> 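Below: one structure in structure tokens.
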Amino acid sequence: MATRVLAACASGLWLCAAWGVASAQAVDTAPAGGTALLAARAIAMPIAGVQGSVLQDTFTDRRTGGSHEALDIPAPRGTPVRAVDDGKLVKLFTSVPGGLTVYQFDPAGRLAYYYAHLDRYADNIREGMALRRGDVIGYVGTTGNAPPNVPHLHFAVFLLDADKRWWKGTAINPYPALRQVP
């Protein structure tokens, strides 16, 4: 696997990402209604100080096992990760690929926001609690299968099905919504 290294400096925040990827044409697997629903939520940037204009669209990048279906937001280890929307924290979970993760539903329970590779959770967060947009939920890290020298937030959005299972939904590319954030 070839390694691509991208380094950029924006707003005093050093951003780096390194992976072996081959970028494909952007494809949103969610129905048009899911993309519109996400756009209507006007989500916030999960990492303060990052401007949407510096993000790289990694949604269709190839990863082991298929398409990435998420946005990687590089940031220094320990940078606070904030809830992008109001809603409910539905699951704190540790997995081999995602490491320490948080699953949050939007207020209507139609969208799931997934935050992964966290270094640690914020103090006093718990499953079932209400979240407000901007609440600190964790800190950027490299847990799971993230390269240990490339701390970043793996951020994904899913359109939930009728069963509203926190681990299952149709991926929506968060890049178009976040690139608009000043």
Side-chain angles (χ1 to χ4, degrees), residues 4 6-19 21-63 67-76 78-90 98 101-118 122 130-141 146 150-160 166 169-182:
R4 172 180 58 126
L6 168 69
C9 185
S11 302
L13 180 65
W14 186 253
L15 304 176
C16 292
W19 340 102
V21 295
S23 185
Q25 187 165 2
V27 175
D28 191 343
T29 59
T35 303
L37 181 60
L38 179 59
R41 293 299 313 154
I43 62 174
M45 186 64 66
I47 299 175
V50 173
Q51 295 181 338
S53 61
V54 303
L55 296 176
Q56 298 288 318
D57 187 354
T58 59
F59 188 78
T60 58
D61 286 355
R62 302 298 301 164
R63 297 289 196 267
S67 185
H68 188 226
E69 295 187 338
L71 184 64
D72 286 336
I73 306 172
T79 301
V81 174
R82 300 178 182 279
V84 297
D85 197 357
D86 294 343
K88 181 179 179 181
L89 192 157
V90 294
T101 65
V102 171
Y103 288 84
Q104 174 195 357
F105 285 2
D106 76 325
R110 304 229 14 241
L111 297 173
Y113 305 115
Y114 174 68
Y115 311 81
H117 302 313
L118 301 175
L131 290 174
R132 300 292 298 168
R133 177 184 174 138
D135 286 349
V136 175
I137 58 174
Y139 300 88
V140 171
V150 185
H152 68 281
L153 172 66
H154 172 101
F155 178 70
V157 180
F158 301 97
L159 179 64
L160 294 166
W166 55 267
T170 305
I172 301 171
N173 188 349
Y175 177 74
L178 288 178
R179 77 171 178 217
Q180 305 301 320
V181 176

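Hydrogens, waters and symmetry mates play no part in the numbers below; they use all other heavy atoms, side chains included. Residue numbers count from 1 along this sequence. From a predicted model like this one, the values you see are computed outputs, not experimental measurements.
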> Decide side chain to side chain contact (heavy atoms under 4.5 Å, CB included) for F155 and L55; before the verdict, give the C-alpha distance in whole Å, the side-chain angles of both, and the deciding distance to 0.1 Å.
CA-CA 12 Å; F155 178 70; L55 296 176; over 6 Å; no

> Give the minimum heavy-atom separation between L178 and M45, together with the two atoms involved.
O-CE, 3.7 Å

> For L160, check side-chain contact (heavy atoms from CB on, under 4.5 Å) against everything at least two apart and list the hits.
F105, A112

> Test of understanding: with side-chain contact (heavy atoms from CB on, under 4.5 Å), list the residues that count as partners of A40, not counting sequence neighbours.
none

> Once you round to the nearest 0.5 Å, how far does CD1 of I73 lie from CD of Q56?
12.0 Å

> Can you list the steps and then say if D72 with H154 is a side chain to side chain contact (heavy atoms under 4.5 Å, CB included)?
CA-CA 5 Å; D72 286 336; H154 172 101; 3.5 Å; yes

> When you compare the side chain of T35 with that of P176, does any pair of heavy atoms fall below 4.5 Å?
no

> What is the minimum heavy-atom distance between A42 and R133, and which atoms define it?
O-NH1, 2.7 Å

> Nearest 0.5 Å, what's the CD-CD1 distance between Q180 and I43?
11.0 Å

> For F158, check ring pair (Phe, Tyr, Trp, His ring centres under 6.0 Å) against everything at least two apart and list the hits.
none

> If you compare all heavy atoms of A70 against all heavy atoms of A156, which two are closest, and at what distance to 0.1 Å?
CB-CB, 3.9 Å

> Please name the pair of heavy atoms, one in L38 and one in N173, separated by the smallest distance, quoted to 0.1 Å.
CD2-O, 4.0 Å

> Look only at the side chain of D86 and the backbone of P107, and say whether a donor-acceptor pair between them is shorter than 3.5 Å.
no

> Identify the two heavy atoms, one from D135 and one from A130, that lie closest to each other, and give their separation to 0.1 Å.
OD2-O, 4.4 Å

> For the CG atom of L131 and the CG atom of D106, what is their distance to the nearest 0.5 Å?
12.0 Å

> For Y113, which residues count as a side-chain hydrogen bond (donor to acceptor under 3.5 Å, both in side chains) partner, sequence neighbours excluded?
D85

> To the nearest 0.5 angstrom, please state how far the CH2 atom of W166 sits from the OG1 atom of T101.
7.0 Å

> Considering non-hydrogen atoms only, spot the tightest contact between G87 and Q104 and give its length.
N-NE2, 3.8 Å

> L153 versus L118: any side-chain heavy-atom pair under 4.5 Å?
yes

> Restricting to ring pair (Phe, Tyr, Trp, His ring centres under 6.0 Å), what partner residues turn up for Y175, sequence neighbours left out?
none

> Excluding sequence neighbours, so at least two apart, what forms side-chain contact (heavy atoms from CB on, under 4.5 Å) with V136?
P80, R82, A122, Y139

> From L111 CG over to L37 CG, what is the distance, rounded to the nearest 0.5 angstrom?
4.0 Å

> Describe, in one word, how the ring planes of Y114 and Y103 are oriented to each other, choosing from parallel (under 30°), tilted (30 to 60°) and perpendicular (over 60°).
tilted

